[in-house]
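The first residue of the sequence shown is numbered 1, and numbering continues consecutively from there. Atoms considered below: every heavy atom in the structure, side chains included; atoms not considered: hydrogens, waters and symmetry mates.
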Amino acid sequence: QVQLVESGGGLVQAGGSLRLSCAASGRTFNIDVMGWFRQAPGKERDFVAGISSSGVRTNYADSVKGGFIIYRDNAKKAVYLQMNSPKPEHTAIYYCASRMRPIVVSSKSGYDYWGQGTQVSVPS
């Protein structure tokens with residue numbers, strides 16, 4: 001079992017910055033692929049970014065490339081999403097997820113454990 005707890009959400013102005021954190025507990029963290037997803041009201045839960053167990057490989061949704069950065073600290077069992085210059089369309093609940101297989105994937109069905117989410121609001 002893996003428990004994931006997100007934090008760091010809130011209100012951020014467009015063009016500002018915000019860092020989301022996800023703390024993991026339970027089974028060994030440093031072998032899991034980690035991902036961030038988001039879900040806006042009335043919409044599907046979409047992939048934002050993913051990172052390999054070592055942190056060497058990352059993958060981003062096209063909508064956040066060049067602005068958001070995913071990274072991890074295996075010693076702290078944490079993964080982060082640095083949101084730079086967010087836009088109003090990035091308003092959503094952001095979820096952290098873990099995957100027990102080595103390849104970073106963008107499909108939510110490929111992840112095994114999920115956090116409860118943290119709300120990010122970017123007013124227009």
Side-chain angles (χ1 to χ4, degrees):
Q1 279 282 3
V2 175
Q3 293 78 45
L4 303 172
V5 179
E6 301 94 337
S7 62
L11 184 71
V12 58
Q13 297 300 318
S17 64
L18 191 70
R19 189 182 78 162
L20 305 183
S21 300
C22 173
S25 60
R27 67 186 295 274
T28 304
F29 171 80
N30 61 356
I31 63 174
D32 288 348
V33 163
M34 300 298 296
W36 285 97
F37 288 76
R38 66 183 175 209
Q39 187 166 16
K43 295 190 176 181
E44 295 288 321
R45 189 172 298 189
D46 292 330
F47 175 77
V48 176
I51 188 166
S52 63
S53 58
S54 66
V56 171
R57 293 183 178 83
T58 57
N59 191 15
Y60 295 92
D62 289 342
S63 61
V64 304
K65 280 181 181 176
F68 291 9
I69 301 170
I70 185 171
Y71 61 100
R72 64 192 294 164
D73 184 334
N74 286 345
K76 295 183 177 179
K77 292 189 175 182
V79 63
Y80 306 94
L81 184 68
Q82 179 67 42
M83 303 173 63
N84 297 321
S85 299
K87 303 174 183 178
E89 54 263 39
H90 295 147
T91 293
I93 298 174
Y94 282 72
Y95 297 90
C96 173
S98 71
R99 168 179 164 85
M100 295 187 289
R101 285 143 286 178
I103 306 300
V104 178
V105 299
S106 60
S107 171
K108 58 182 180 288
S109 64
Y111 288 79
D112 306 294
Y113 298 97
W114 294 84
Q116 294 299 307
T118 186
Q119 175 72 48
V120 173
S121 298
V122 188
S124 55

Is the shortest side-chain heavy-atom distance between [X] and [Y] below 4.5 Å?
X	Y	value
V122	E89	no
H90	V48	no
I51	W36	no
I103	V33	no
F47	N59	yes
P86	V120	no

With rounding to the nearest 0.5 Å, note down the distance linking [atom1] in [X] to [atom2] in [Y].
X	Y	atom1	atom2	value
K77	S98	NZ	OG	12.0 Å
R38	F68	CZ	CZ	6.0 Å
S54	N74	OG	CG	8.0 Å
L81	T118	CG	OG1	11.0 Å

Problem set entry | By salt bridge (Lys or Arg N to Asp or Glu O under 4.0 Å) - contacts of R19 (at least two apart) |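 R19 satisfies salt bridge (Lys or Arg N to Asp or Glu O under 4.0 Å) with no other residue.
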Problem set entry | Backbone of M34 reached by a side-chain donor or acceptor of D32 within 3.5 Å |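 No, the answer is negative, given that no donor and acceptor are paired below the 3.5 Å cut-off.
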Exercise. Mind checking what makes side-chain contact (heavy atoms from CB on, under 4.5 Å) contact with I69, not counting sequence neighbours?
Worked result: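 Scan of I69 (side-chain contact (heavy atoms from CB on, under 4.5 Å), adjacent residues dropped) gives Y60, Y71, Q82, N84.
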Please find the pair of heavy atoms, one from [X] and one from [Y], that lie closest to each other, and give the distance.
X	Y	answer
A40	A92	N-CB, 3.8 Å
R99	D112	CA-OD2, 3.4 Å
P123	S121	CD-O, 3.6 Å

Exercise. Would you find more than 12 non-hydrogen atoms of other residues, nucleotides or ligands less than 6.0 Å from R57 atom CZ?
Worked result: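 12 or below, so no.
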For this session: Could you check W114, Y94, Y95 and say which one makes a ring-ring contact (aromatic ring centres under 6.0 Å, His included) with F37?
Result: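 When ring-ring contact (aromatic ring centres under 6.0 Å, His included) is applied between F37 and each of W114, Y94, Y95, only W114 qualifies.
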Problem set entry | Connected via hydrophobic side-chain network under 4.5 Å: Y80 and V104 |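 No.
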Exercise. Given R45 and I93, is the side chain to side chain contact (heavy atoms under 4.5 Å, CB included) satisfied, shown in steps?
Worked result: CA-CA 9 Å; R45 189 172 298 189; I93 298 174; over 6 Å; no
Only distances under 3.5 Å count here; give the side-chain donor-acceptor pairs of residues 5-18 to other protein atoms, sequence neighbours excluded, each with its distance to 0.1 Å.
unit_1 : atom_1 : unit_2 : atom_2 : d
E6     : OE1    : Q116   : N      : 3.1
E6     : OE1    : G117   : N      : 2.9
E6     : OE2    : C96    : N      : 2.8
E6     : OE2    : G117   : N      : 3.2

